[in-house]
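Here is the structure we will look at.
Computed from a prediction, not measured in an experiment: that's the story for all the values here. Just the heavy atoms: all of them, side chains too, but no hydrogens, waters or symmetry mates, feed the values below.
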Amino acid sequence: MGTLVNYATERGVALLTLTDPPVNSYTHEMFKELDACILEARFDDDVHVVVVTGHGDRYFCAGENIHMLREADESFKYYFCLHANETLLRLENTPKLTVAAINGQCVGGGFEVALACDLRIAREGPLHVGLPDVSLGVLPGTGGTQRLTRLVGKGRALELMVEGQTLPVEQALVLGLVHKVWTAETHEAFVTSVIAYAHEFCPPGRASLAVGHIKRAVQSGAEMGLEQGIAFERELQQRLFESHDAKEGLAAFTQKRKPSFRGR
């Protein structure tokens, strides 16, 4: 679909690869391509999980392209940040599971991309994640201050950001910044493992529609009061009750057989 974000699909999984070596830093052009790829995956009924990774084995993404920001005027910078925020919100709000396959260094805006994904899996090795933007005299401006705070709490998020800390992936795992750390001999083997994991959330073995609705309940409900969140959950549940997959799941349970889901 473009030259900066490679888009490929494989048996229900869309793989989006940020491709601007050597560090895969993003520009406005990359985010326009990323936005288009997210929409492509969203509208494709055969896609159930979206995996985001970086090209090569050194960097997932190093964040914003500093040369682009240095040369741009303030108006461009504002609208660039606005569009970047809108793109990651689109990724976060898409009712399909999203997985960040952190193949290399993942700092600044790159970690903000990963934070917008539902699950984060990092490759074992000398990799770091974090939001060191304060060292540039700016704040994490692509949702980082908000998503990190919601993830680890106000006190820990403040500490990490004002100190500009970047953490080894093993420490990030302990703090809950990443969900899993996997050993892999090569970059290709790591991405293959993540795609295989993503396939576990696809039909016929898993009810991907239910997975997507769980995501919506968590992402949107977390911003509501308890009563409103429960009401939202109830409406999503009713939609699932009306689906083929819920009927199939209940029938399979009573018939003591393995269900065959369709994702609808």
Side-chain angles (χ1 to χ4, degrees), residues 1-65 68 80 82-106 108-123 142-143 182 184 186-203 206 208-209 211-212 215-216 219 263-264:
M1 292 182 64
T3 59
L4 298 173
V5 181
N6 184 60
Y7 183 91
T9 59
E10 178 186 321
R11 295 188 295 116
V13 177
L15 177 64
L16 282 56
T17 305
L18 309 180
T19 307
D20 192 8
V23 300
N24 301 324
S25 59
Y26 59 73
T27 58
H28 183 44
E29 294 304 317
M30 177 183 280
F31 256 86
K32 286 193 290 185
E33 290 187 20
L34 179 60
D35 202 2
C37 289
I38 293 167
L39 287 173
E40 180 73 16
R42 177 186 285 189
F43 278 91
D44 189 343
D45 290 338
D46 292 328
V47 168
H48 303 283
V49 182
V50 178
V51 174
V52 182
T53 192
H55 172 79
D57 57 6
R58 292 183 55 206
Y59 279 86
F60 173 82
C61 176
E64 302 91 335
N65 186 298
M68 177 201 70
F80 166 73
L82 175 60
H83 179 250
N85 284 324
E86 291 169 338
T87 299
L88 294 188
L89 281 170
R90 201 183 319 281
L91 180 67
E92 193 170 57
N93 291 331
T94 295
K96 300 182 181 186
L97 191 69
T98 59
V99 182
I102 302 175
N103 56 297
Q105 303 292 349
C106 182
F111 188 46
E112 291 179 289
V113 174
L115 284 172
C117 294
D118 304 313
L119 301 175
R120 287 168 293 282
I121 303 174
R123 182 181 175 189
T142 315
W182 288 351
T186 64
H187 167 260
E188 291 76 14
F190 172 69
V191 174
T192 297
S193 296
V194 176
I195 291 175
Y197 174 71
H199 282 146
E200 295 179 14
F201 298 94
C202 296
R206 190 70 61 90
S208 59
L209 187 64
V211 171
K215 169 181 176 171
R216 287 200 60 205
Q219 294 286 14
R264 52 183 59 86

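The backbone N or O of Tyr59 lies less than 3.5 Å from a partner atom in the side chain of Asn24, making a donor-acceptor pair. Checking side-chain atoms of Ser208 against main-chain N and O of Val211 turns up no donor-acceptor pair under 3.5 Å. In this structure, the side chain of His28 does not engage the main chain of Met68 through any donor-acceptor pair within 3.5 Å. With Thr19 contributing its side chain and Thr17 its backbone, the two residues share a donor-acceptor pair below 3.5 Å.
Asn93 and Arg42 get closest at one heavy-atom pair: C-NH2, 4.2 Å. Contact record, Ile102 with Phe60: CA-CD1, 3.9 Å, taken as the closest heavy-atom pair. Taking every heavy atom of both residues into account, Met30 and Ser25 meet most closely at CE-O, 3.7 Å. Taking both residues in full, the closest heavy atoms of Lys215 and Glu92 are given as CE-O, 2.9 Å, listed atom of the first, atom of the second, then distance.
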Run the numbers on Arg123 and Asp57 for side-chain contact (heavy atoms from CB on, under 4.5 Å), then give the verdict. CA-CA 9 Å; Arg123 182 181 175 189; Asp57 57 6; 3.6 Å; yes

Go through the steps to decide whether Leu4 and Thr27 satisfy the test side-chain contact (heavy atoms from CB on, under 4.5 Å), and finish with yes or no. CA-CA 9 Å; Leu4 298 173; Thr27 58; 4.1 Å; yes

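Side-chain contact between Thr3 and Glu33 is present, with heavy atoms from C-beta onward closer than 4.5 Å. At a threshold of 4.5 Å between non-hydrogen side-chain atoms, the residues Leu119 and Thr98 do not count as touching. With contacts defined as side-chain heavy-atom distances shorter than 4.5 Å, the pair Val51/Tyr197 does not qualify. Val47 places none of its side-chain heavy atoms less than 4.5 Å from the side chain of Glu40. Two residues are said to be in side-chain contact when any heavy atoms from C-beta on lie closer than 4.5 Å; Asp46 and Thr9 fail this criterion. Side chains of Arg120 and Leu115 form a contact here, defined as non-hydrogen atoms less than 4.5 Å apart. Cys202 places none of its side-chain heavy atoms less than 4.5 Å from the side chain of Arg11. Between Asp35 and Phe31 the shortest side-chain heavy-atom distance does not fall below 4.5 Å.
Using cut-offs of 30° and 60° for the angle between ring planes, the Tyr26 and Phe80 rings count as tilted.
Looking at Leu91, Leu16, Val50 one by one, the single match for side-chain contact (heavy atoms from CB on, under 4.5 Å) with Cys37 turns out to be Leu16.
Between Asn103 and Thr53, the side chains place a donor N or O and an acceptor N or O closer than 3.5 Å (distance only, hydrogens not considered).
For the atom pair Phe43 CZ and Thr94 OG1, the distance stands at 9.5 Å (nearest 0.5 Å).
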